[in-house]
Amino acid sequence: MAPVRMSGGGQPWWRRAVFYELYLRSFQDSDGDGIGDLPGVLRRVDYLAELGVDAVWVTPFYPSPMADFGYDVADHCGVDPTYGALADVDRLLEALDRRGMRLVLDYVPNHTSVEHPWFREARASRSAERRDWYLWREPAPDGGPPNNWLSQAGGSAWTFDERTGQYYLHSFLPEQPDLNWRNPAVREAMLQVLRFWLDRGVHGFRVDVLGALLKDADFRDDPPNPRYQPGDPDFMRLLPIRSANQPEILEIVAAMRAVLARYPGERVLIGELYDPVETLVSYYGPALGGVQLPFNMNLLWLRWCAQGVLDLVNRYEAGLPGGAWPTWVLGNHDQPRVASRLGPGQARVAAMLLLTLRGAPTLYQGDELGLRNAEIPPHRVRDRFTGPGRCRDQQRSPMLWDDGPGAGFTAGEPWLPVEPRAGASVRAQQEDPGSMLSLTRALLALRRREAALVDGDWRGISAADNVLIYERCNAERRIRVALNMDETPKEGGFAGEGAWRVALSTDPARDKGWIDGVFTLAGDEGVVLRPENRTGGGPR
């Protein structure tokens with residue numbers, strides 16, 4: 001593979017990158033079986049290039065019984081025939097590289113499938129060579145689970161194994177037993193997985209459920225969560241201070257970074273973390289030796305208002321270690337879609353926020369179209385993570401490429417229902433300059449033109465009247481962003497002093513002329529402004 005190129009100015013490429021999460025199963029089917037696959041991605045590489053993203057994170061394609069659709073891995077160094085073959089990964093790497101994009105893989109180190117050869121051997125007997133590769137405990141005195149830890153899939157995190165008379169730990173489904181990362185042999189085997197894919201040329205990894213890799217060595221109970229409310233998912237009844245986020249985890253991350261450091265081109269580790277910023281920033285590690293990009297998901301559950309966003313950004317920026325690079329996420333395959341959470345108008349505002357904040361943003365597949373949660377009939381539900389509002393199928397429904405049968409996703413029966421909607425498909429939005437797709441492309445193009453939106457400092461200005469105003473500044477340019485975070489038109493001095501030009505608006509009807517001081521923002525409108533010297537009485 002060609003060496004990974006550095007970004008302009010000698011900065012690692014990932015500091016300037018916009019990442020795109022590609023949910024493989026729902027992106028593009030190539031063979032009519034109704035399931036997205038790697039050859040399908042190859043058919044759509046030009047779409048990703050035209051969108052303007054820099055790196056593509058592909059969800060798991062490894063051999064798997066599909067209890068959790070690939071996150072129950074049976075072989076970390078292979079490709080499930082449903083998704084293609086190893087040669088397809090090589091072709092995808094080459095195709096992305098030719099278009100200046102990079103490939104990031106989903107690395108699933110916390111657990112395996114029960115069908116993985118390691119676990120099959122481990123559960124054969126208590127004396128099996130790989131027994132200690134997983135977490136086994138004797139029953140409690142009453143015969144029940146060893147402690148109170150809860151699975152994120154619901155119920156106890158322990159399953160009793162009749163054959164050997166012990167419980168094994170699974171932070172998720174029973175089909176996903178947790179690996180014992182305190183065992184040096186497990187560490188080396190999983191680091192070898194990184195080397196396997198790095199040798200093939202991948203540019204980095206998104207580390208699945210990073211915070212769960214280490215558990216309390218004494219298996220002490222988790223304490224009750226005082227903020228738990230009836231209706232919350234069952235696992236939220238407890239605070240996972242024993243079952244996750246152990247301080248020694250940074251030693252594991254350092255070992256992963258050491259592997260990546262032996263390869264050229266600034267390979268990147270991205271950590272999946274659902275923590276408040278005060279915990280999140282610790283994953284950068286001492287001397288920034290931890291994860292380069294610990295996902296900041298706090299916008300996903302923030303109360304959507306200007307003051308809340310301003311407070312979050314200021315708190316995050318203040319808490320970052322020196323030299324650390326921020327990262328922002330607004331949607332993913334586990335959370336309800338932005339357009340369903342906020343409505344279509346504020347989804348446009350949210351896109352402008354995501355792509356103008358300081359740091360590396362991640363865009364979830366379909367959010368560039370403003371897709372909403374799909375309606376999944378009960379008989380078509382596939383997700384096994386149960387509980388109120390917990391079905392993740394809604395945000396995993398297939399991409400809408402056109403308005404024909406199967407929405408251009410498949411010629412067969414799709415694995416989840418396809419919901420064609422007027423004006424929602426790629427084909428329809430490509431022809432509409434006011435569409436969400438056109439806005440997203442314009443925002444990404446603006447980032448490429450305006451270096452201040454990539455490497456400029458952040459300065460929060462105001463959240464008055466639910467209008468968020470901030471600036472991005474470098475030595476050459478000052479950019480101002482004003483976001484009306486509700487549907488009521490607002491008039492005010494959002495532009496500050498001097499003459500400004502509208503670089504981009506979420507409202508396609510906005511005149512791209514001059515703005516001085518006081519002006520009106522439409523409901524659900526965001527604007528990006530840049531100061532310019534007005535000569536010859538230019539357009540207003």
A side-chain contact here means heavy atoms from C-beta on lying under 4.5 Å apart; do Leu293 and Phe19 qualify?
yes

Considering the options Glu497, Glu471, Glu450, which one meets the salt bridge (Lys or Arg N to Asp or Glu O under 4.0 Å) requirement together with Arg480?
Glu471

Would you give the length of the straight line joining atom CG of Leu439 to atom CZ of Arg348, rounded to the nearest 0.5 angstrom?
5.0 Å

How long is the gap from CZ on Arg441 to CG on Leu51, to the nearest 0.5 Å?
6.5 Å

Is the backbone N or O of Gly52 less than 3.5 Å from a side-chain atom of Arg447, with the two atoms forming a donor-acceptor pair by type?
no

Is Asp106 salt-bridged to Arg206, going by a charged N under 4.0 Å from an acidic O?
yes

Do Phe295 and Asn332 come within less than 4.5 Å of each other through their side chains, counting heavy atoms only?
no

Evaluate the criterion side chain to side chain contact (heavy atoms under 4.5 Å, CB included) for residue pair Arg341 and Trp304; output intermediate values, then yes/no.
CA-CA 9 Å; Arg341 298 199 314 267; Trp304 191 252; over 6 Å; no

Report the C-alpha separation of Leu96 and Val56 in whole Å, then their side-chain angles, then the decisive distance to 0.1 Å, and conclude whether the side chain to side chain contact (heavy atoms under 4.5 Å, CB included) test is met.
CA-CA 9 Å; Leu96 291 172; Val56 180; 4.1 Å; yes

If only atom types and distance count, is the side chain of Asp402 paired as donor or acceptor with the main-chain N or O of Arg427 below 3.5 Å?
no

Minimum side-chain heavy-atom gap Leu363-Glu368 below 4.5 Å
yes

Run the salt-bridge test on Asp46 and Arg99 with the 4.0 Å N-O cut-off and return the result as yes or no.
yes

Check whether the side chains of Ser26 and Trp415 place a donor and an acceptor atom closer than 3.5 Å, and report yes or no.
yes

Is the closest basic N to carboxylate O distance between Asp68 and Arg384 below 4.0 Å?
no

After noting the C-alpha distance and the side-chain angles of Tyr283 and Asn245, does the key distance pass the side-chain hydrogen bond (donor to acceptor under 3.5 Å, both in side chains) rule?
CA-CA 10 Å; Tyr283 280 86; Asn245 288 327; 2.4 Å; yes

Report yes if the side chains of Leu310 and Ser462 come closer than 4.5 Å at any heavy-atom pair, otherwise no.
no

On a heavy-atom basis, the closest approach of Gln365 and Tyr23 is OE1-N, 2.7 Å

Shortest non-hydrogen contact from Pro361 to Ala17?
CD-O, 3.6 Å

Trp458: partners by ring pair (Phe, Tyr, Trp, His ring centres under 6.0 Å), with sequence neighbours left out
Tyr470

Counting only heavy atoms from other residues, nucleotides and ligands, does the tally under 6.0 Å from CD of Glu375 exceed 12?
no

Keeping the roles fixed (side chain from Trp325, backbone from Arg15), state whether a donor-acceptor pair exists under 3.5 Å.
yes

Report yes or no: does Asp393 contribute a side-chain atom to a donor-acceptor pair with the main-chain N or O of Val381 at less than 3.5 Å?
no

Side chains of Tyr364 and Gln395: any donor to acceptor distance under 3.5 Å?
no

Can a donor-acceptor pair be found, under 3.5 Å and without considering hydrogens, that links the side chain of Ser151 to the backbone of Phe172?
yes

CG/Leu446 to CG/Leu504 distance, rounded to the nearest 0.5 angstrom?
6.0 Å

Side-chain donor/acceptor of Lys490 to backbone N/O of Asp465, under 3.5 Å
yes

Min side-chain heavy-atom separation Arg44-Leu48 under 4.5 Å
no

Please name the pair of heavy atoms, one in Asp507 and one in Ala522, separated by the smallest distance, quoted to 0.1 Å.
OD2-CB, 3.9 Å

We want to know whether Gln28 and Trp401 form a side-chain donor-acceptor pair, criterion being a heavy-atom distance below 3.5 angstrom.
yes

Stacked cation flag Arg392 on Phe385, 6.0 angstrom / 45 deg
yes

Please name the pair of heavy atoms, one in Leu24 and one in Pro60, separated by the smallest distance, quoted to 0.1 Å.
CD2-O, 4.3 Å

Set out, in order, the CA-CA distance, both residues' side-chain angles and the distance that settles side chain to side chain contact (heavy atoms under 4.5 Å, CB included) for Arg501 and Lys512, then state yes or no.
CA-CA 7 Å; Arg501 194 85 184 235; Lys512 303 301 189 297; 5.5 Å; no

For atom CZ of Arg242, is the number of surrounding heavy atoms from other residues, nucleotides or ligands below 6.0 Å larger than 12?
yes

Report the relative orientation of the aromatic rings in Trp328 and Tyr316; use parallel for angles under 30°, tilted for 30 to 60°, perpendicular for over 60°.
perpendicular

Is any side-chain heavy atom of Val281 closer than 4.5 Å to one of Pro294?
no

Cys391 and Gln394: which non-hydrogen atoms are nearest, and at how many Å?
O-NE2, 3.0 Å

Over 12 foreign heavy atoms within 6.0 Å of CD, Glu248:
yes

Using a 3.5 Å distance criterion without hydrogens, assess whether the side chain of Arg472 forms a donor-acceptor pair with backbone atoms of Thr356.
yes

Distance check, rounded to the nearest 0.5 Å: Arg477 atom CZ versus Leu453 atom CG?
9.5 Å

Proximity of His333 and Tyr71 rings by center, below 6.0 Å
yes

Between Arg396 and Asp334, does at least one N-O distance fall below 4.0 Å, as a salt bridge requires?
yes

Between Arg315 and Glu278, is there a side-chain N and carboxylate O pair less than 4.0 Å apart?
yes

Identified side-chain contact (heavy atoms from CB on, under 4.5 Å) counterpart of Leu369 within the set Gln429, Met436, Arg421:
Gln429

Using distance alone, with no hydrogens and no angle criterion, decide if Asn296 and Asn298 have a side-chain donor and acceptor under 3.5 Å apart.
yes

Could you go through Phe27 and Val58, starting from their C-alpha distance and side-chain angles, then the distance that decides it, and tell me whether this counts as side chain to side chain contact (heavy atoms under 4.5 Å, CB included)?
CA-CA 10 Å; Phe27 191 65; Val58 178; over 6 Å; no

Heavy-atom check, side chain of Asn484 versus side chain of Val349, under 4.5 Å
no

When every non-hydrogen atom of Tyr284 is compared with those of Pro326, the smallest separation belongs to OH-CA, 3.8 Å

Flag, side chain of Asp208 to backbone of Glu272, donor-acceptor distance under 3.5 Å:
no

Main chain of Asn373, side chain of Arg337: is a donor-acceptor contact present, judged purely on distance under 3.5 Å?
no

Do the side chains of Arg25 and Thr59 get nearer than 4.5 Å, heavy atoms only?
no

With rounding to the nearest 0.5 angstrom, report the CG to SG distance, Asp455 to Cys473.
11.5 Å

Atom pair OG1 (Thr488) and CG (Asn466), whose distance is rounded to the nearest 0.5 Å:
8.5 Å

Between the side chain of Trp500 and the main-chain N/O of Leu529, is any donor-acceptor distance below 3.5 Å?
no

